[in-house]
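Naming: A, B, ... by sequence-line order, numbering from 1 per chain.
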Amino acid sequence: GAVVSQHPSRVICKSGTSVKIECRSLDFQATTMFWYRQFPKQSLMLMATSNEGSKATYEQGVEKDKFLINHASLTLSTLTVTSAHPEDSSFYICSAPLGGSRINEQYFGPGTRLTVT
Amino acid sequence: AQSVTQPDIHITVSEGASLELRCNYSYGATPYLFWYVQSPGQGLQLLLKYFSGDTLVQGIKGFEAEFKRSQSSFNLRKPSVHWSDAAEYFCAVGVGGYQKVTFGTGTKLQVIP
């Protein structure tokens with residue numbers, strides 16, 4: 001099946017620094033990728049839709065200047081958490097769907113655990 | 001906007017017993033429905049999906065789910081649970097023609113010997 005990887009799997013950073021998380025589709029091309037945030041014992045909350053070659057689409061309440069998304073190629077999307085603060089500590093998950101623009105099952109990365117100290 | 005409700009936050013079953021996880025959705029038309037499983041340290045894995053056709057869908061690992069339009073439900077079932085099924089299960093709904101899906105709050109399954 002399709003594989004999506006994320007790097008790093010865990011990262012600890014100091015408050016005020018920026019952290020970049022990579023999401024790669026390993027054996028398929030993804031013009032669209034999704035970034036989710038999962039709080040402990042809670043569901044996945046969609047943060048933004050990453051579009052190859054164009055600007056990301058952010059969900060209501062998500063600060064686009066804080067969570068920078070770049071979809072530079074058909075297999076790579078990056079999420080940069082800028083000026084991170086302890087409240088940004090969370091589990092970040094990306095996904096990529098097969099099937100182009102038609103709705104289809106999504107393949108999820110293993111997630112990145114961000115801890116801001 | 002669509003929404004998904006998983007009324008059971010935590011369920012405990014004995015190994016070998018049957019399992020049913022509940023999922024209710026809210027959407028005006030027929031949605032696309034999914035069940036995902038999340039194990040510790042692993043990404044979400046698709047168990048099964050419903051797009052159209054037969055309302056009883058078979059998935060991986062012996063799971064099945066039934067779409068009931070009249071009840072706006074898509075409950076997940078397994079006749080005999082294995083200890084390895086202990087994980088968190090998420091029901092999700094997608095709107096036709098668009099890739100965004102909305103996840104329920106999840107049900108954590110504990111399996112006891």
Side-chain angles (χ1 to χ4, degrees), chain A residues 1-10 21 23-26 30-52 56-62 71 77 91-113, chain B residues 1-11 21 23-25 27 29-52 57 59-61 63 65 87-110:
Chain A
V3 177
V4 174
S5 70
Q6 278 185 248
H7 178 78
S9 57
R10 289 178 177 272
I21 302 170
C23 176
R24 293 181 185 273
S25 55
L26 297 184
T31 56
T32 301
M33 290 184 176
F34 298 93
W35 286 96
Y36 296 85
R37 183 173 180 177
Q38 185 178 28
F39 292 100
K41 300 183 180 181
Q42 293 188 31
S43 185
L44 284 75
M45 301 300 296
L46 180 65
M47 298 175 64
T49 303
S50 175
N51 303 299
E52 190 269 335
T57 305
Y58 291 82
E59 296 301 300
Q60 190 173 9
V62 177
H71 197 143
S77 174
F91 194 53
Y92 293 88
I93 303 172
C94 71
S95 73
L98 289 178
S101 61
R102 292 178 59 249
I103 192 163
N104 212 321
E105 62 185 89
Q106 297 187 30
Y107 291 88
F108 287 82
T112 296
R113 174 76 60 192
Chain B
Q2 69 271 26
S3 66
V4 183
T5 302
Q6 292 181 249
D8 304 306
I9 297 173
H10 190 274
I11 283 183
L21 302 182
C23 172
N24 292 94
Y25 67 90
Y27 181 59
T30 301
Y32 296 90
L33 296 161
F34 308 84
W35 273 100
Y36 286 90
V37 60
Q38 185 180 36
S39 299
Q42 298 185 24
L44 277 81
Q45 182 181 22
L46 179 71
L47 288 175
L48 46 79
K49 62 186 177 185
Y50 173 78
F51 284 179
S52 64
V57 293
I60 62 171
K61 304 184 179 184
F63 286 93
E88 185 130 26
Y89 292 79
F90 291 94
C91 182
V93 59
V95 177
Y98 193 47
Q99 294 279 7
K100 282 205 310 187
V101 295
T102 300
F103 285 84
T105 50
T107 298
K108 188 168 186 177
L109 173 65
Q110 181 181 7

Residue A:Leu44 versus chain B: region with a heavy atom under 4.5 Å: both
- prompt: Is it the side chain or the backbone of B:Leu44 that comes within 4.5 Å of chain A heavy atoms, both, or neither?
  reply: both
field: Portion of B:Gln6 that has a non-hydrogen atom of chain A nearer than 4.5 angstrom
entry: neither
Using atom types as modelled and distance alone, determine if a side-chain donor or acceptor of [X] lies under 3.5 Å from a backbone N or O of [Y].
X: A:Tyr107; Y: A:Ser25; answer: no
X: B:Gln38; Y: B:Phe90; answer: no
X: B:Gln45; Y: B:Ser39; answer: no

message: Quick check: closest heavy atoms across A:Arg24 and A:Met33, and the distance to 0.1 Å?
response: C-CE, 4.4 Å
